[in-house]
Amino acid sequence: MKFLVCISNVPDTTTKIAFTPDNKEFNKAGVQFVINPWDEYALTRAIELKEAAGSGTVTVLNVGEADTEPNIRKALAIGADDAIRVNAAPKDAFFVAQQIAAIAKEGAYDVILMGKESIDYNGFQVHGMVGELLGIPTVAPAMKLDLSGNTATLEREIEGGKEVIRVNTPFVASCQQPMCEPRIPNMRGIMTARTKPLKVVPATTDTPRTQVAEYALPPKKQGVKLIPAESAGDLIKLLRNEAKVI
């Protein structure tokens with residue numbers, strides 16, 4: 001069984017967000033980047049399934065520039081066998097999906113896993129696009145994943161309950177908790193990661209479908225206004241005229 005696990009390089013959750021002077025790009029200066037936390041569920045579960053089967057490979061794929069390689073090496077230290085980096089900035093969701101689909105098709109992977117979304121853009125788009133580009137099923141977001149031969153059983157949360165889905169390989173799935181407990185690298189993993197293969201390939205296209213017009217920080221929080229219970233009319237006026245929510 002060949003697993004392809006797609007990981008994103010995202011700012012640490014404690015990062016103070018800032019943009020370049022023209023507000024068209026995220027300012028990376030002084031920012032610590034990490035593996036997208038949702039992708040860690042996908043990576044760990046792929047490794048667990050490979051170990052349970054006693055055979056198979058786990059390949060990590062990242063669409064990004066050279067500064068993402070430390071986190072790719074971290075994924076290798078966690079337990080992936082090899083890695084591929086598409087040498088291009090992740091310009092938009094469809095651009096990233098195109099790169100993943102090209103690699104997946106060339107490598108004939110059985111299971112393509114990724115987090116349900118990245119914590120920087122929260123797009124929830126790439127997995128569906130990859131499945132459509134490859135013409136294979138997509139299950140999103142999966143909370144549980146088991147394999148028996150070439151058949152996978154996945155569980156996902158729906159309104160009012162849970163849904164159990166069975167699908168044959170190949171397929172795409174996006175992952176979230178409580179699929180597994182994400183692993184952290186141990187010393188042996190860190191040492192072996194240095195010699196594991198990391199292949200760098202060019203992008204299949206350099207033309208994104210969308211462009212960022214402008215980024216903007218949310219408005220600063222305003223002071224709280226306390227309205228006496230007997231002044232409901234005043235509250236309605238404030239909600240309509242100032243908060244503009246009614």
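These numbers come from the heavy atoms of this one structure, side chains and all, not from hydrogens, waters or symmetry mates.
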Grab the two heavy atoms, one from Val212 and one from Lys24, that are nearest each other, plus how far apart they are.
CG1-O, 3.9 Å
Taking the six-membered ring for Trp, are Phe26 and Phe19 parallel (under 30°), tilted (30 to 60°) or perpendicular (over 60°)?
perpendicular
Closer than 3.5 angstrom, by distance alone: can the side chain of Asn87 be matched with the main-chain N or O of Val200 as a donor-acceptor pair?
no
Using a cut-off of 6.0 Å, state whether more than 12 heavy atoms not belonging to Glu214 lie near its atom CD.
yes
Sub-3.5 Å donor-acceptor pair from the side chain of Asp92 to the main-chain atoms of Arg209, do we have one?
yes
Less than 3.5 Å apart, any donor N or O on the side chain of Ser118 or Asn36 sitting next to an acceptor on the other?
no
Do the side chain of Asn62 and the main chain of Ile84 share a donor and acceptor less than 3.5 angstrom apart?
no
Ion pair Lys162/Glu155, N-O distance below 4.0 Å
yes
Take atom CD1 of Ile17 as the centre, draw a 6.0 Å sphere, and report whether it contains more than 12 heavy atoms from other residues, nucleotides or ligands.
yes
Where is the tightest heavy-atom contact between Met129 and Ala97, given as atom of each residue plus distance?
CB-CB, 3.5 Å
Is it true that, when you exclude Glu163 itself, more than 12 heavy atoms of the residues, nucleotides or ligands shown sit nearer than 6.0 Å to its CD?
yes
Neighbour count >12 (heavy atoms, 6.0 Å) for atom CD, Glu230:
yes
Do Asn71 and Asn9 have side-chain atoms, one donor and one acceptor, less than 3.5 Å apart?
yes
Would you tell me whether Asp81 and Thr57 have side-chain atoms, one donor and one acceptor, within less than 3.5 Å of each other?
no
Looking at every non-hydrogen atom in both residues, tell me the closest pair between Leu133 and Ala101 and how far apart they are.
CB-CB, 3.9 Å
Any idea which heavy atoms bring Pro185 and Lys74 closest together, and the distance?
CG-CG, 3.9 Å
Checking the side chain of Arg73 only, and the main-chain atoms of Lys196 only, is there a donor and an acceptor separated by less than 3.5 Å?
yes
For Pro90 and Val96, work out which heavy atoms get closest and say how close.
CB-CG2, 3.6 Å
Around Lys144, counting heavy atoms of other residues, nucleotides and ligands shown, do more than 12 lie under 6.0 Å from its NZ?
no
If you look at every heavy atom in Ile100 and Met114, which pair is closest and at what distance?
CD1-CE, 4.5 Å
Between Lys225 and Asp234, does at least one N-O distance fall below 4.0 Å, as a salt bridge requires?
no
Are Glu51 and Arg183 close enough for a salt bridge, meaning some N to O gap below 4.0 Å?
yes
Charged N-O contact under 4.0 Å between Glu69 and Arg85
yes
Check: Gln99/Thr204 side-chain N/O donor and acceptor closer than 3.5 Å:
yes
d(Leu145 CG, Ile165 CD1) to nearest 0.5 Å is 11.5 Å
Among Leu43, Ile78, Asp82, Leu4, whose side-chain contact (heavy atoms from CB on, under 4.5 Å) with Val58 holds?
Leu43
Side chains of Asp146 and Thr153: donor-acceptor distance under 3.5 Å anywhere?
no
